[in-house]
There are 2 protein chains.
Amino acid sequence: VENRVVLQLSRPITDYTVNSARMREDFEALSEIGATPDDGVDRVALSHQDWQARLWFADRVYDAHLMQADDDAANLSGVLRCRQPDARTLLVGSHLDSVPNGGRFDGAIGIVAGLECLRTLREHDLQLPFHLELINFTDDEGTWHSLFGARAVAGMLPPDVTSEARIENAAFSAALARVGLRLRDVVSARRDPASLAGYLELHIEHGTRLERAGISIGVVTDIVGRTTYDIVFHGAAGHSGTTDMYKRRDALRGAAQFITRAHDLVRARYGDGIFNCGDVAVEPGKYNIIPSKAALTIELRHVSESLMSDMEMAMIQIARECAAVHGLTVDVKPVIHMPAAAMSPAFIQTIESCCDTLDLSHMRLVSYAGHAAQVLSQITPCAMIFVPSTGGVGHAPAEFTPWEDIEAGANALLHTILALAAAE
Amino acid sequence: VENRVVLQLSRPITDYTVNSARMREDFEALSEIGATPDDGVDRVALSHQDWQARLWFADRVYDAHLMQADDDAANLSGVLRCRQPDARTLLVGSHLDSVPNGGRFDGAIGIVAGLECLRTLREHDLQLPFHLELINFTDDEGTWHSLFGARAVAGMLPPDVTSEARIENAAFSAALARVGLRLRDVVSARRDPASLAGYLELHIEHGTRLERAGISIGVVTDIVGRTTYDIVFHGAAGHSGTTDMYKRRDALRGAAQFITRAHDLVRARYGDGIFNCGDVAVEPGKYNIIPSKAALTIELRHVSESLMSDMEMAMIQIARECAAVHGLTVDVKPVIHMPAAAMSPAFIQTIESCCDTLDLSHMRLVSYAGHAAQVLSQITPCAMIFVPSTGGVGHAPAEFTPWEDIEAGANALLHTILALAAAE
């Protein structure tokens with residue numbers, strides 16, 4: 001017990017702030033890596049640009065006298081070590097990768113803000129009661145596998161993703177092999193939950209709730225669950241002119257009614273639910289032949305697991321009704337199921353009181369996009385800090401967040417780390 | 001006036017019948033040309049198989065001591081000449097070509113029945129007051145251009161079909177060139193309407209109305225008009241999870257509602273109308289992106305031109321409403337317009353009284369499929385005789401008509417020719 005590190009501050013709490021100018025230099029430098037002509041970035045996971053960004057990150061970790069670490073899922077970290085070797089680790093995470101032709105802010109601000117927090121704490125020579133690890137997760141955006149690095153850390157990658165025997169994994173396996181990693185070893189990246197003190201992430205809001213409310217900090221309470229289904233309606237092809245209008249088994253007619261009813265139902269009965277149908281594949285697909293097959297993938301999101309189940313059941317019911325009405329059969333197959341995740345209530349309150357201390361406006365909100373915290377909440381307490389995104393633009397070159405919001409977000413992150421350290 | 005030929009029969013009218021066994025030999029021989037393993041035929045227009053069938057037809061014309069004729073649209077005829085050179089011509093038409101992997105009956109029975117009628121009349125040494133021409137129309141099925149030969153005869157081919165300057169026509173031009181024809185000369189195939197006494201065609205019913213009613217002969221009153229429109233809904237792409245559910249501009253949602261409403265409206269308000277939507281092309285077409293574009297082609301058929309117009313206006317109105325409700329814009333572009341065609345009332349009555357004479361059951365019906373008569377009715381009185389098609393199968397190897405129905409149809413055709421000759 002005597003060995004236990006206790007946080008001791010030598011100055012008033014509000015004196016601790018990030019170096020905004022230095023953080024901005026980092027942000028500008030990172031934005032150059034994979035820069036596109038229209039001010040976006042293209043740093044898809046495991047690409048040349050992604051590796052350039054990682055090298056840049058490793059240099060910053062070195063310059064800041066932090067410890068560098070990596071794992072078998074190609075996650076790359078800078079660590080401010082606790083002097084107590086068996087201390088737990090507080091993870092601060094984000095990602096350097098982007099979607100194809102993405103924006104400069106998504107992921108990047110989490111890395112530069114985290115880096116700035118570690119540097120600031122080190123410069124103040126503060127002794128923290130946990131290892132503080134800034135982790136860059138591999139393939140957050142899902143170029144290969146959505147939230148790959150985070151799922152590896154959580155030990156939640158299914159065997160088909162890590163199997164070297166599957167031909168579908170050959171390219172991914174080769175991409176990892178180029179940096180000396182083997183797909184079969186990815187499972188070693190799993191962390192023992194007992195070794196973790198929690199997980200924090202700063203990210204842009206995908207949406208306009210903060211901007212519209214004129215509020216600086218979003219405190220995420222939940223990340224929505226996401227489920228997808230493949231739904232295929234089967235009817236009978238026929239001559240579009242001569243088949244009896246009242247005896248047609250038109251697969252597209254059933255699919256169209258399903259899409260219409262599904263959209264209407266979600267809006268009428270599931271206020272916080274999200275529904276998307278992004279495509280329909282019709283066969284034989286000729287203007288003068290009655291469609292025999294209409295295949296679609298639907299995506300459902302809900303913050304409540306029980307309402308999500310309810311919504312899923314309702315969708316399957318509608319699909320069956322639309323099929324029955326039009327003499328069709330329907331196949332319904334679940335594909336992706338990412339459960340809804342609640343953030344830690346204690347962490348939420350900690351962030352809110354830090355914002356109050358810093359005089360930053362804040363509001364609670366739900367994340368309708370997936371994030372690493374969704375996965376990591378299965379093994380450790382998590383929290384997310386959102387900053388506004390102008391016009392809600394995301395995953396596009398026009399993505400933009402005012403710098404003062406990023407600075408505010410970084411200070412909220414810094415103070416949350418301090419508060420968690422004080423409470424440890 | 002003294003020169004005028006008047007039909008004189010030497011025997012009771014019911015003594016005149018086709019030679020069913022000989023006609024069947026022709027049918028079996030023709031079915032061998034382009035035969036497919038599953039008892040269908042593949043004789044797409046201007047293919048090697050189509051030319052084989054034409055050579056076979058030319059041989060039968062020669063054997064029957066009929067005059068052979070052709071024109072610049074590759075239509076091929078056998079003619080029973082009237083001894084009066086300036087007499088008008090009664091056309092009896094059909095087609096030797098098929099859809100890809102089609103059936104043995106569609107088109108073929110019109111040729112063999114017409115051939116048998118000309119042979120029978122010649123054997124009885126009857127003098128007709130018109131030239132009787134059995135014409136095989138080029139590309140009835142639209143491998144290159146739907147109803148090409150008939151439209152050439154009617155002088156209704158648009159300039160873009162016959163332009164040698166258009167790159168789209170290069171293959172068709174080459175196909176014609178192989179038999180010494182030039183695309184630019186196709187216009188010469190046009191006939192002077194004053195030279196024609198009318199047009200008759202025997203064809204299988206595309207549908208099951210005759211079969212269900214247990215009736216041998218369908219007397220076509222009208223051929224439906226057909227109109228197609230390209231309809232494109234434009235919305236805005238966006239993240240499927242984070243875009244406000246109430247602010248989405250989902251192009252597929254608008255298109256799905258349109259398809260549903262259009263199907264419902266046609267059934268509710270246009271009892272004889274036909275609607276088909278055979279495909280939807282969605283962009284960007286990803287399950288987790290809100291559709292920004294949904295393009296579809298709709299096809300409308302109606303036997304009444306005025307109700308067709310009414311139905312078209314209603315469709316455009318629905319498209320605009322569905323766009324407006326979902327914050328979309330919509331482009332509506334007409335593509336094909338084939339007007340509805342009424343058959344000759346005098347010819348209809350003639351066929352009916354011939355059926356009564358022959359003790360054949362008959363009913364009036366509308367053709368929901370397009371036929372050469374649809375085009376030729378613009379320049380001369382037309383009539384069509386339908387025979388049953390088992391199960392309504394058409395354009396497929398399983399196409400089947402009982403032989404006694406084909407024999408009945410051929411006799412109805414023979415007697416209609418005799419009755420028109422008597423009335424001339």
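Note on naming: letters A, B, ... go to the chains in the order of the sequence lines (proteins, then strands), and numbering restarts at 1 for each one.
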*Using non-hydrogen atoms only, which part of B/Ile336 is less than 4.5 Å away from chain A: side chain, backbone, both, or neither?*
side chain
*With no hydrogens and no angle check, is any side-chain donor or acceptor of A/Asp405 less than 3.5 Å from a backbone partner on A/Val387?*
no
*Could you tell me which portion of A/Thr228 (side chain, backbone, both or neither) has an atom closer than 4.5 angstrom to a non-hydrogen atom of chain B?*
side chain
_Please classify the contact between B/Phe275 and chain A as side chain, backbone, both or neither, with a heavy-atom cut-off of under 4.5 Å._
both
*Hey, are A/Ser240 and A/Asn288 close enough side-chain-wise for a donor-acceptor pair under 3.5 Å?*
no
*Can you find a pair of side-chain heavy atoms, one from B/Pro291 and one from A/Asn276, that are under 4.5 Å apart?*
yes
_chain A contact via B/Arg267 - side chain, backbone, both or neither, heavy atoms under 4.5 Å_ = both
*Sub-3.5 Å donor-acceptor pair from the side chain of A/Glu205 to the main-chain atoms of A/Leu210, do we have one?*
yes
*asked:* What residues of residues 245-255 of chain B make heavy-atom contacts with chain A at a cutoff under 4.5 angstrom?
replied: B/Met245, B/Tyr246, B/Lys247, B/Arg248, B/Asp250, B/Leu252, B/Arg253
*Any side-chain donor-acceptor pair under 3.5 Å between A/Asp139 and A/His95?*
no
*Heavy-atom distance under 4.5 Å to chain B: side chain of A/His239, backbone, both or neither?*
side chain
_Which atoms of B/Val224 approach chain A - backbone, side chain, both or neither, heavy atom under 4.5 Å_ = neither
*Checking heavy atoms, do the side chain of B/Arg226, its backbone, both or neither come under 4.5 Å from chain A?*
side chain
*Mind ranking B/Gly207, B/Gly238, B/Cys277, B/Gly394 by heavy-atom pairs under 4.5 Å with chain A and telling me who comes out on top?*
B/Cys277
_Option in B/Ile259, B/Thr297, B/Ile274, B/Asp264 with maximal non-hydrogen atom pairs under 4.5 Å from chain A_ = B/Ile274
*asked:* Between A/His371 and A/Phe386, is the ring centroid distance below 6.0 Å?
replied: yes
_Residue A/His395 versus chain B: region with a heavy atom under 4.5 Å_ = side chain
*Check for a donor-acceptor pair, side chain of B/Arg261 on one end and backbone N or O of B/Ala256 on the other, with a separation under 3.5 Å.*
no
*asked:* Looking at B/Pro100, is its backbone amide N or carbonyl O close enough to the side chain of B/Asp42 to form a donor-acceptor pair, meaning the two atoms are under 3.5 Å apart?
replied: no
_Pick from A/Val282, A/Thr260, A/Asp279 with the largest number of heavy-atom pairs that fall under 4.5 Å of chain B_ = A/Asp279
*Looking at B/Lys286, B/Gln257, B/His263, which makes the most heavy-atom pairs under 4.5 Å with chain A?*
B/His263
*Salt-bridge test for B/Glu299 and B/Arg301: reply yes if a basic N is under 4.0 Å from a carboxylate O, no otherwise.*
yes
_Heavy-atom cut-off 4.5 Å, strictly under: side chain, backbone, both or neither for B/Ile290 against chain A?_
both
*Distance-only side-chain donor-acceptor flag, A/Asp272 / A/His302, under 3.5 Å*: no
*Side-chain (B/Ser98) to main-chain (B/Gly102) donor-acceptor, under 3.5 angstrom*: no
*Between B/Phe400 and B/Phe105, how do the two ring planes meet: parallel, tilted or perpendicular, split at 30° and 60°?*
perpendicular
